[in-house]
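In what follows, chains carry the letters A, B, and so on, assigned in the order in which the sequence lines appear, proteins first and then strands, with residues in each chain numbered from 1.
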Amino acid sequence: MRAAVRTNRPRRPPPAATAKLASSSRPKLEKAQVPLTLPLKSFKLRLANGPPLAPTPKAFKSYAETCATLLRLCRAAATATSHAAHASSSSSSDRLPLALSLHAHAVRSGVAADRSVASHLLTTYAAFARAAERDRAFGDCVAADAASSFTYDFMVSEHVKAGDIASARRLFDGMPERTVVSYTTMVDALMKRGRVAEAVELYEQCPSGSVAFFTATISGFVRNELHHNALGIFRKMLSCSVRPNGITFLCMIKACVGAGEFGLALSIVGLAIKSNFFESSIEVQNSLITLYLRMGDAAAARKVFDEMDVKDVVSWTALLDVYSESGDLDGARRVLDAMPERNEVSWGTLIARHEQRGNAAEAVKLYSQMLADGCRPNISCFSSVLSACASLEDLRGGARIHACSLKMGSSTNVFVSSSLIDMYCKCKKCRDAQTIFDTLPQKNTVCWNSLVSGYSYNGKMVEAMYLFKKMPARNLASWNTIISGYAQNRQFVDALKSFNAMLASGQVPGEITFSSVLLACANLCSLVTGKMAHAKTIKLGIEESIFIGTALSDMYAKSGDLQSSKRMFYLMPERNDVTWTAMIQGLAENGFAEESILLFEDMVATGMTPNEHTFLALLFACSHSGLVEQAIHYFDKMQAWGISPTEKHYTCMVDVLARAGRLIEAEALLMKTPSKSEANSWAALLSACNTYKNEEIGERAAKRLHELEKDNTAGYVLLSNMYASCGRWKDAARIRVLMKGTTLKKDGGCSWVQVRGQYHAFFSWEAKHPLSMEIDEILDLLMWESSL
DNA sequence: CTAGGGTTAG
């Protein structure tokens, strides 16, 4: 069954083309083929007898009309061949020489300057894809003052079709009188290229309006995600008493969906039904499926689909998305298999949904199935599957798709190349990403952002900043990329510097910006900067956002201002699991273990589901306050909730047991740890063995620690300390010598304060601060005073 | 010569 479909597909044109062919081109083709031979033959005969003169104006007119009709027949033959492959190619190829001789003949007999003949000549050459002759015919037409509005309209649209907007615009500007049709063509072309401002200017200049003109403007705004502007145009259109048609309704449903104006959408659907544009248009019905889907009413969407008389690939694909959106990807797959025919959009939808939900492997698998089904991937498809490869760090798969996009000529598309840059960077191939970037003929801000983000992902902040500075244009995402890049690489001071540069540049920060900025403030314990950021969120009116609220509460807690942290937490209009976890963690880190545990119980009481991070914060609280029994209780409870402990949970548990001196239990738990790679757990145990002077377990722990991490300095220090504490000085010294031999340097502690915007750092292993002498003196003084 | 605007995925 599937095999039959597969073999048929490449031969069959896409459904949209079929519909178009059926409605417009095919009747034309038949009309052209029947009378084609007869008049042309008689005309050839007349040509052979020499050009007839046109003695009376009436004869001249009829001769010109004949000429025009014949040229129309020639053109019809040309368009018929280019539209349908099954039309006999021989019949059209001999039409071009005929058209050429007709042209010559028309010139000789002086009818070439006839408006009708001139425009037919033009359209004939265009249909034969003879751009040079077309332009010459147009020039002659203008010179002979035979250029009608249609001629200009036609040429403007020819330039637009060729992608030459500059020429189209020049011609449009030079038109003796601009028509609504040309306004429509220009507005549409500019909108499709994202040049909204220029399009709007033309829209406002246009003195009148037609359905197509208003609809093109609406569609342009929708395309550029300016949905509310689209709604405004619709109102304007109605106030000009221009009646919307099926296409207008289609665009308006899209506009309402984009703007989230569902009520309005439904009344527009009502209007479409009343004016009979609903039943007659499969497209309007298809867009209604998506409308209900976006409204969250899957049942209604399904009902629309079921009640449709005629369904096409688009209807089926929309249904497929109804299943994907509700999370039923298996159901979506069943729809795909049940579809009478599939196209690249159907596959692409399923691939994209899998990719978005984190099923990257499935997305890649579906991609190969799509190829096997005979569908050619398009831009969005490449983009989704490359993102999937990026998250899988699948360099081989990604490179294969890169090769495929190269073959199909899509690799230089900005969407595809941004995904390629991202994919290579995630696979740690920054050089390849850079090469792709360098060879791009035109790049947009997204391409730049991808590479900047790629370098910061690989910890190369110098390169990232170099690129960032070179960017021709920066948007909010660019600033977010560089700021979060610094924050992720723990260069918090640089993150704040970039934030200040952002504000100075006039770019308004967004929620994502603040989450990085507040993270930086929290880690620098820079309460003053954090408060300033807080003030900015209030000014921007985003302090009520759940992300901002959580980040603020976290920042205050990490900076030690628990009062403010709690106030933020309790004032938040809504909280999620992350919010609760941050507060529980904040209390725990500041030593309020009991309060932390109470808050956890509150969280559960409100019906919120704790996640693995919540339990980690809770166990952390217990371990820092020596609440052994509680820790054991919550560790068991966590598993009852269906959350399996990670290495970090085990580390916390080992720590709390070991600190309480329950070394045997701690070691037993550690042996049960599924992944035995967590060196910190063994270090915690070793440290406790040091405190409780247990050499036997201590030596085993040290051995494991050494196996796991040869370069783990902490292990050496702990072991050495343990020997020292037991009085085994020789062993202690041996470890110290070993450390020196491995050129290991003991990691030291570091603390800092911020004074008038300047950071002062103090290291445990060396006195580096230039004022350390003075500081020590003051410290002595303070200690002496407090001892009085 | 009756144009010019279009449904599904990202």
Side-chain angles (χ1 to χ4, degrees), chain A residues 14-16 19-20 24 68-69 71-72 75-76 115-120 122-124 126 148-154 156-157 160-161 179-189 191-192 206 209-223 233 237 244-254 257 277 281-291 293 301 305 308 311-322 324-325 332 335 339 342-356 377-387 413 415-416 418-419:
Chain A
K20 213 168 189 166
S24 61
T69 311
L71 278 163
R72 187 177 66 81
R75 199 191 53 249
R115 288 201 158 209
S116 182
V117 176
S119 66
H120 276 300
L122 197 71
T123 49
T124 305
S148 60
S149 296
F150 167 77
T151 317
Y152 280 101
D153 289 345
F154 183 80
V156 169
S157 111
V160 168
K161 272 185 219 149
T179 58
V180 204
V181 177
S182 278
Y183 269 111
T184 311
T185 312
M186 285 310 300
V187 166
D188 184 55
M191 285 289 202
K192 278 181 182 155
C206 186
S210 63
V211 209
F213 176 69
F214 284 115
T215 309
T217 313
I218 291 172
S219 140
F221 277 128
V222 173
R223 191 184 296 271
I233 302 293
M237 177 179 177
N245 64 16
I247 303 176
T248 320
F249 286 122
L250 202 54
C251 296
M252 280 312 296
I253 293 172
K254 269 192 100 169
V257 170
F277 282 115
S281 166
I282 186 167
E283 288 93 342
V284 176
Q285 292 175 43
N286 286 341
S287 72
L288 190 61
I289 300 179
T290 309
L291 167 65
L293 174 59
F305 176 84
M308 280 173 77
K311 303 172 175 76
D312 63 3
V313 215
V314 180
S315 330
W316 281 93
T317 307
L319 182 72
L320 188 153
D321 207 30
V322 171
S324 329
E325 198 86 323
V335 172
M339 281 167 78
R342 291 166 284 281
N343 64 14
E344 71 287 353
V345 182
S346 330
W347 283 102
T349 305
L350 199 54
I351 292 172
R353 293 295 184 214
H354 273 287
E355 195 271 318
Q356 286 159 3
N378 61 16
I379 306 282
S380 351
C381 206
F382 278 130
S383 169
S384 313
V385 76
L386 282 168
S387 298
N413 171 279
F415 288 95
V416 176
S418 298
S419 305

Of the listed nucleotides [options], the one nearest the side chain of [X]:
X	options	result
A/V181	B/dG4, B/dT8, B/dG5	B/dG4
A/I247	B/dT8, B/dG5, B/dC1	B/dG5
A/S148	B/dC1, B/dA9, B/dA3	B/dC1
A/S219	B/dG5, B/dC1, B/dA9	B/dG5

Between atom CD1 in A/I218 and atom P in B/dG5, what is the gap in whole Å?
-> 14 Å
Looking only at side-chain N and O atoms, does [X] come under 4.0 Å of OP1 or OP2 in [N]?
X	N	answer
A/R353	B/dG10	yes
A/K254	B/dT7	yes
A/Q356	B/dG10	yes
A/K192	B/dG6	yes

Any N or O donor-acceptor pair linking the side chain of A/T215 to the base of B/dG5 at under 3.5 Å?
-> yes
Record whether the side chain of A/N245 comes under 3.5 Å of the base of B/dG5 through a donor-acceptor pair of N or O atoms.
-> yes
Between the main-chain N or O of A/H120 and the side-chain N or O of A/T124, is there a donor-acceptor pair closer than 3.5 Å?
-> yes
Give [X] one of three labels, base, sugar-phosphate or nothing, depending on what nucleic acid heavy atoms sit under 4.0 Å from its own.
X	result
A/A212	base
A/V284	nothing
A/R223	sugar-phosphate
A/S210	base
A/S383	nothing

Closest heavy-atom pair and its distance - A/S346, A/T317 = OG-OG1, 3.2 Å
Minimal heavy-atom distance between A/P244 and A/F249, with the atoms involved, is CG-CZ, 3.8 Å
Scan for salt bridge (Lys or Arg N to Asp or Glu O under 4.0 Å) pairs involving residues 346-355 of chain A, sequence neighbours excluded, and state none if there are none.
-> A/D321-A/R353, A/E325-A/R353
